[in-house]
Amino acid sequence: MKHLILISALALAASLNASAATAPSTLTPGVLKIGMEGTYAPFTYKDAGGTLTGFDVDIARAVAAKLGLKAEFVLTEWSGILAGLQANKYDVIVNQVGITAERQKTIGFSAPYAYSSPQIIVKKAGSFAPKTLADLSGKRVGVGLGSNFEKQLRDAGGINVVTYPGAPEYLADLAAGRLDAAFNDRLLVGYLIKSQNLPVRGAGVIGDPEPVGIAMKKANTSLKAAVDRALLQLKADGTYAKISRQWFGQDVSKP
């Protein structure tokens with residue numbers, strides 16, 4: 001019996017050690033620090049009561065729960081969000097970060113957890129109806145500083161690109177007539193039209209659906225593996241579909 005107890009104890013210790021070896025490395029033990037804007041509805045924003053909410057907030061909380069970690073949110077402007085990751089201000093960014101070849105040179109990403117396409121946004125009452133980026137030539141177009149959308153506009157050439165710290169600022173200027181158009185995520189446009197009284201409308205959808213992922217330090221491979229497992233579990237148990245339908249009325253995990 002003593003031998004059996006000893007064997008059982010050794011097996012348990014080995015199991016615990018194996019779990020510890022595969023546990024994700026985070027800045028603070030037991031905590032997943034999550035960087036996000038907090039001003040980018042419907043992904044990450046504060047409701048009328050000041051509570052942080054949104055699609056990405058719900059996904060981040062669900063991932064942290066699967067990892068057995070406490071979710072701690074760190075809010076920052078988009079223009080500095082990637083630098084904050086490199087400066088160890090948080091473990092991950094969950095803020096519709098597009099997975100691009102350029103970013104993958106210095107940043108690690110989870111498997112894609114959502115897909116969307118860029119879309120041109122215009123004033124609702126106007127007659128301007130651009131279908132392509134070429135239609136924006138010579139126009140003043142608002143966009144988030146440092147975003148994929150800014151790069152796309154600049155790469156197109158001939159567009160008067162006006163950068164802002166976040167979506168609320170340039171959407172306000174668009175509504176006030178200080179911009180000819182704005183450029184952002186199709187899911188954002190649909191949400192604004194559905195849930196807020198902003199006098200804007202969606203125009204041309206540009207390109208194919210693009211993947212977004214949870215960003216993290218490239219060297220933290222244990223965290224990537226753990227986050228990827230958590231995302232698979234969320235999809236398998238129906239949690240992801242529930243969150244996605246709540247915010248968009250559809251499953252946005254597929255292109």
Side-chain angles (χ1 to χ4, degrees), residues 24-27 32-40 42-44 54-57 59-60 63-64 67 73-120 133 141-157 159 161-167 170 182-188 205-232 240 252-255:
S25 173
T26 57
L27 296 170
L32 185 68
K33 291 188 177 182
I34 304 156
M36 56 177 50
E37 286 176 273
T39 57
Y40 190 35
F43 304 106
T44 157
F55 171 73
D56 281 347
V57 176
I59 291 294
V63 167
L67 298 178
F73 296 100
V74 182
L75 303 187
T76 185
E77 288 187 355
W78 172 262
S79 57
I81 203 167
L82 296 177
L85 177 67
Q86 302 293 21
N88 293 322
K89 291 184 178 179
Y90 24 82
D91 299 293
V92 297
I93 303 171
V94 188
N95 200 103
Q96 293 295 293
V97 185
I99 302 173
T100 67
E102 185 64 27
R103 286 176 179 160
Q104 285 178 309
K105 293 177 183 178
T106 56
I107 297 170
F109 281 96
S110 70
Y113 70 92
Y115 288 83
S116 188
S117 302
Q119 186 170 25
I120 301 168
L133 293 184
V141 182
V143 71
L145 177 65
S147 65
N148 280 357
F149 307 113
E150 180 193 358
K151 184 177 187 303
Q152 284 181 275
L153 292 178
R154 295 194 185 283
D155 287 348
I159 301 170
V161 180
V162 186
T163 58
Y164 294 78
Y170 60 75
F183 194 50
N184 208 300
D185 188 288
R186 178 181 61 81
L187 295 177
L188 170 71
V205 175
I206 308 300
D208 298 323
E210 299 177 351
V212 298
I214 296 175
M216 64 200 77
K217 281 289 194 71
K218 194 173 181 69
N220 197 345
T221 55
S222 70
L223 183 57
K224 171 180 167 49
V227 168
D228 282 346
R229 284 196 302 271
L231 288 171
L232 286 173
Y240 181 96
V252 299
S253 68
K254 301 177 180 65

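Only this structure's heavy atoms are used, side chains among them; waters, hydrogens and symmetry mates stay out.
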Please find the pair of heavy atoms, one from [X] and one from [Y], that lie closest to each other, and give the distance.
{"X": "Gly207", "Y": "Ser117", "value": "O-OG, 4.0 Å"}
{"X": "Ala111", "Y": "Leu231", "value": "O-CD1, 3.8 Å"}
{"X": "Ile81", "Y": "Glu37", "value": "CD1-N, 4.2 Å"}
{"X": "Phe149", "Y": "Asp185", "value": "CZ-N, 3.6 Å"}
{"X": "Gly98", "Y": "Asn148", "value": "CA-ND2, 3.6 Å"}
{"X": "Ile99", "Y": "Phe109", "value": "CG1-CD2, 3.7 Å"}

Point-to-point distance, once rounded to the nearest 0.5 Å, from [atom1] of [X] to [atom2] of [Y]:
{"X": "Tyr40", "Y": "Leu75", "atom1": "OH", "atom2": "CG", "answer": "15.5 Å"}
{"X": "Tyr90", "Y": "Leu85", "atom1": "OH", "atom2": "CG", "answer": "6.5 Å"}
{"X": "Ile214", "Y": "Asp56", "atom1": "CD1", "atom2": "CG", "answer": "8.5 Å"}
{"X": "Ser147", "Y": "Leu82", "atom1": "OG", "atom2": "CG", "answer": "10.5 Å"}
{"X": "Gln152", "Y": "Ile206", "atom1": "CD", "atom2": "CD1", "answer": "8.0 Å"}
{"X": "Leu187", "Y": "Gln119", "atom1": "CG", "atom2": "CD", "answer": "9.5 Å"}

Show, in sequence, the C-alpha distance, side-chain angles and deciding distance for Val162 and Tyr170, and conclude whether the side-chain contact (heavy atoms from CB on, under 4.5 Å) test is met. CA-CA 9 Å; Val162 186; Tyr170 60 75; over 6 Å; no

Backbone N or O of [Y] within a donor-acceptor pair of the [X] side chain at under 3.5 Å?
{"X": "Asp91", "Y": "Lys33", "value": "yes"}
{"X": "Trp78", "Y": "Gly146", "value": "yes"}
{"X": "Asn220", "Y": "Ser25", "value": "yes"}
{"X": "Gln86", "Y": "Thr106", "value": "yes"}

Take Arg154 and Val143 through the side-chain contact (heavy atoms from CB on, under 4.5 Å) test and state the conclusion after the steps. CA-CA 11 Å; Arg154 295 194 185 283; Val143 71; over 6 Å; no

With a 4.5 Å heavy-atom cut-off, do [X] and [Y] have their side chains touching?
{"X": "Leu188", "Y": "Pro42", "answer": "yes"}
{"X": "Val63", "Y": "Tyr113", "answer": "no"}
{"X": "Val141", "Y": "Val161", "answer": "no"}

What orientation do Phe55 and Tyr240 show, parallel under 30°, tilted 30 to 60°, or perpendicular over 60°? perpendicular

In this structure, are over 12 heavy atoms from other groups packed under 6.0 Å from [X] atom [atom1]?
{"X": "Asp208", "atom1": "CG", "result": "no"}
{"X": "Lys217", "atom1": "NZ", "result": "yes"}
{"X": "Lys89", "atom1": "NZ", "result": "no"}

